[in-house]
Amino acid sequence: MPQSLAFVLVHIIFSTKDRAPLITSALQPELHAYLSTVARNVNCECYRTGGVEDHVHLAIRLARTIKIAELIEELKTSSSKWIKTKAPGLQNFAWQKGYGAFSLSPNDREDLIKYIDRQKEHHEKVTFQEEYRRYLQAYGMDFDERYVWD
């Protein structure tokens with residue numbers, strides 16, 4: 001019987017619109033669990049979800065049957081609708097239009113999980129913009145500052 005097998009580990013990063021600090025520490029655990037569930041509902045394996053007030057990180061094994069753009073659209077659309085129901089002040093919540101998706105070796109999974117778990121400490125020293133620029137540079141990606149920060 002033929003098999004189609006894949007192991008594609010992806011580090012996904014996206015922020016709130018204009019990096020507004022709307023994801024409070026009280027909301028974070030529930031949001032992270034929600035995002036993990038959305039990923040699992042489209043047959044992706046979510047190893048970790050985390051972040052801080054203005055952005056999230058996800059460590060996901062991409063399902064063989066879904067495109068990265070489709071997964072991220074589902075994550076952002078579904079969670080945005082959900083967040084808007086959590087408090088009156090969140091009725092205008094939105095994610096940034098763009099995102100980052102970076103491939104990793106399966107051997108790097110544990111390091112990625114640790115990195116996501118340490119986001120609070122990490123961002124006491126480094127801003128989201130600095131962190132994101134470092135990823136883009138490390139992956140040799142050309143980018144235009146005018147369009148990265150929506």
Side-chain angles (χ1 to χ4, degrees), residues 3-83 90 93-150:
Q3 287 186 316
S4 298
L5 304 171
F7 191 106
V8 179
L9 177 59
V10 183
H11 178 188
I12 297 169
I13 307 169
F14 52 87
S15 77
T16 58
K17 183 169 179 55
D18 299 320
R19 289 153 322 284
L22 299 174
I23 308 169
T24 63
S25 56
L27 181 60
Q28 287 172 19
E30 199 173 358
L31 171 63
H32 299 163
Y34 186 88
L35 287 166
S36 296
T37 300
V38 171
R40 289 183 185 111
N41 285 344
V42 293
N43 299 315
C44 293
E45 188 169 354
C46 187
Y47 298 114
R48 187 70 89 238
T49 303
V52 292
E53 293 82 6
D54 65 349
H55 71 280
V56 295
H57 292 259
L58 297 99
I60 292 180
R61 179 179 177 185
L62 194 62
R64 171 181 76 65
T65 56
I66 191 167
K67 297 174 188 154
I68 292 172
E70 292 170 350
L71 168 62
I72 295 171
E73 180 179 358
E74 184 66 26
L75 289 165
K76 290 167 78 174
T77 301
S78 179
S79 63
S80 181
K81 289 177 185 175
W82 175 84
I83 287 172
L90 295 173
F93 179 89
W95 293 111
Q96 73 174 121
K97 291 180 185 173
Y99 62 86
F102 306 95
S103 61
L104 286 98
S105 162
N107 296 333
D108 296 325
R109 181 177 59 189
E110 291 306 315
D111 287 340
L112 175 58
I113 289 169
K114 289 176 190 172
Y115 178 77
I116 292 172
D117 287 345
R118 292 191 301 258
Q119 281 295 292
K120 185 175 179 182
E121 296 83 14
H122 175 69
H123 285 290
E124 290 173 357
K125 302 173 191 159
V126 178
T127 67
F128 172 71
Q129 290 95 328
E130 291 168 329
E131 173 187 52
Y132 197 68
R133 277 188 202 102
R134 287 179 189 169
Y135 269 100
L136 295 173
Q137 290 164 352
Y139 280 80
M141 300 176 78
D142 292 328
F143 62 96
D144 187 329
E145 289 275 344
R146 295 175 297 174
Y147 304 110
V148 173
W149 315 118
D150 64 348

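No experiment lies behind these values; they were computed from the predicted model shown. Residues: numbered from 1 along the sequence shown.
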Query raised in the report: Side chains of Thr77 and Lys81: does their closest heavy-atom pair fall under 4.5 Å?
Result: yes

Query raised in the report: Which heavy-atom pair separates Trp95 from Lys76 by the least distance, and what is that distance?
Result: CD1-O, 3.3 Å

**Report entry** Sub-6.0 Å ring centroid separation between His57 and Phe14
**Finding:** no

**Report entry** Non-neighbouring partners of Ala94 that pass side-chain contact (heavy atoms from CB on, under 4.5 Å), sequence neighbours left out
**Finding:** Lys17

**Report entry** Backbone N/O of Arg146 and side chain of Asp144: donor-acceptor pair under 3.5 Å
**Finding:** yes

Report task. May I ask you to check whether over 12 heavy atoms, not counting those of Glu73, lie within 6.0 Å of atom CD? Result -> no

**Report entry** Partners passing side-chain contact (heavy atoms from CB on, under 4.5 Å) against Ser105 (at least two apart in sequence or in another chain)
**Finding:** Asn107, Asp108

Query raised in the report: If you round to the nearest 0.5 Å, how far is CD of Glu130 from NE2 of His122?
Result: 8.5 Å

Query raised in the report: With sequence neighbours left out, what residues match Ser36 under side-chain contact (heavy atoms from CB on, under 4.5 Å)?
Result: Arg40, Cys46, Thr49

**Report entry** Heavy-atom side-chain proximity of Ile12 to Leu71 below 4.5 angstrom
**Finding:** yes

**Report entry** Ile66 vs Asn43 side-chain heavy atoms within contact, under 4.5 Å
**Finding:** no

Query raised in the report: So, for Arg48 and Ile116, which heavy atoms are closest and what is the spacing to 0.1 Å?
Result: CG-CG2, 3.5 Å

Query - Arg19: partners by side-chain contact (heavy atoms from CB on, under 4.5 Å), with sequence neighbours left out - result: Ser15, Asp54, Phe128, Gln129, Trp149

Report summary line: Exactly one candidate in Leu9, Val10, Leu112, Ile13 meets side chain to side chain contact (heavy atoms under 4.5 Å, CB included) with Phe102; the answer is Ile13

Query raised in the report: How far apart are the closest heavy atoms of Gln3 and Leu5, and which atoms are they?
Result: OE1-CD1, 3.8 Å

Report task. For Arg133, check side-chain hydrogen bond (donor to acceptor under 3.5 Å, both in side chains) against everything at least two apart and list the hits. Result -> Glu145

Query - Short side-chain to backbone donor-acceptor contact, Arg61 and Ala6, under 3.5 Å - result: yes

Report summary line: One should read off an interatomic distance between Gln28 CD and Gln119 CD, to the nearest 0.5 angstrom, of 10.0 Å

**Report entry** Contact check, side chains of Val126 and Arg134, non-hydrogen atoms, under 4.5 Å
**Finding:** yes

Query raised in the report: Taking only residues two or more places apart in sequence, or in another chain, which ones meet Asp142 in a salt bridge (charged side-chain N to carboxylate O under 4.0 Å, His left out)?
Result: none

Report task. Validate the cation-pi geometry between Arg109 and Tyr47: distance from NZ or CZ to the six-membered ring centre under 6.0 Å, angle to the ring axis within 45°. Result -> yes

Query raised in the report: Should Asp111 and Leu104 be marked as a side chain to side chain contact (heavy atoms under 4.5 Å, CB included) after you check the CA-CA gap, both sets of side-chain angles, and the distance that decides it?
Result: CA-CA 10 Å; Asp111 287 340; Leu104 286 98; over 6 Å; no

Report task. Kindly give the heavy-atom pair with the smallest separation between Ser78 and Tyr34, and that separation in Å. Result -> OG-OH, 2.6 Å

Report task. Measure the spacing between CZ of Phe93 and CD1 of Ile83 and express it to the nearest 0.5 Å. Result -> 3.5 Å

Query raised in the report: Does a side-chain heavy-atom distance below 4.5 Å link His55 with Tyr132?
Result: no

Query - Val38 to Glu74 - nearest heavy-atom pair and separation - result: CG1-CG, 3.7 Å

Requested in this report: Would you sort out whether Ile68 and Leu62 count as a side chain to side chain contact (heavy atoms under 4.5 Å, CB included), showing the intermediate values?
Outcome: CA-CA 7 Å; Ile68 292 172; Leu62 194 62; 3.5 Å; yes

Query raised in the report: Between Ala39 and Leu75, what is the shortest heavy-atom contact and its length?
Result: N-CD2, 4.1 Å

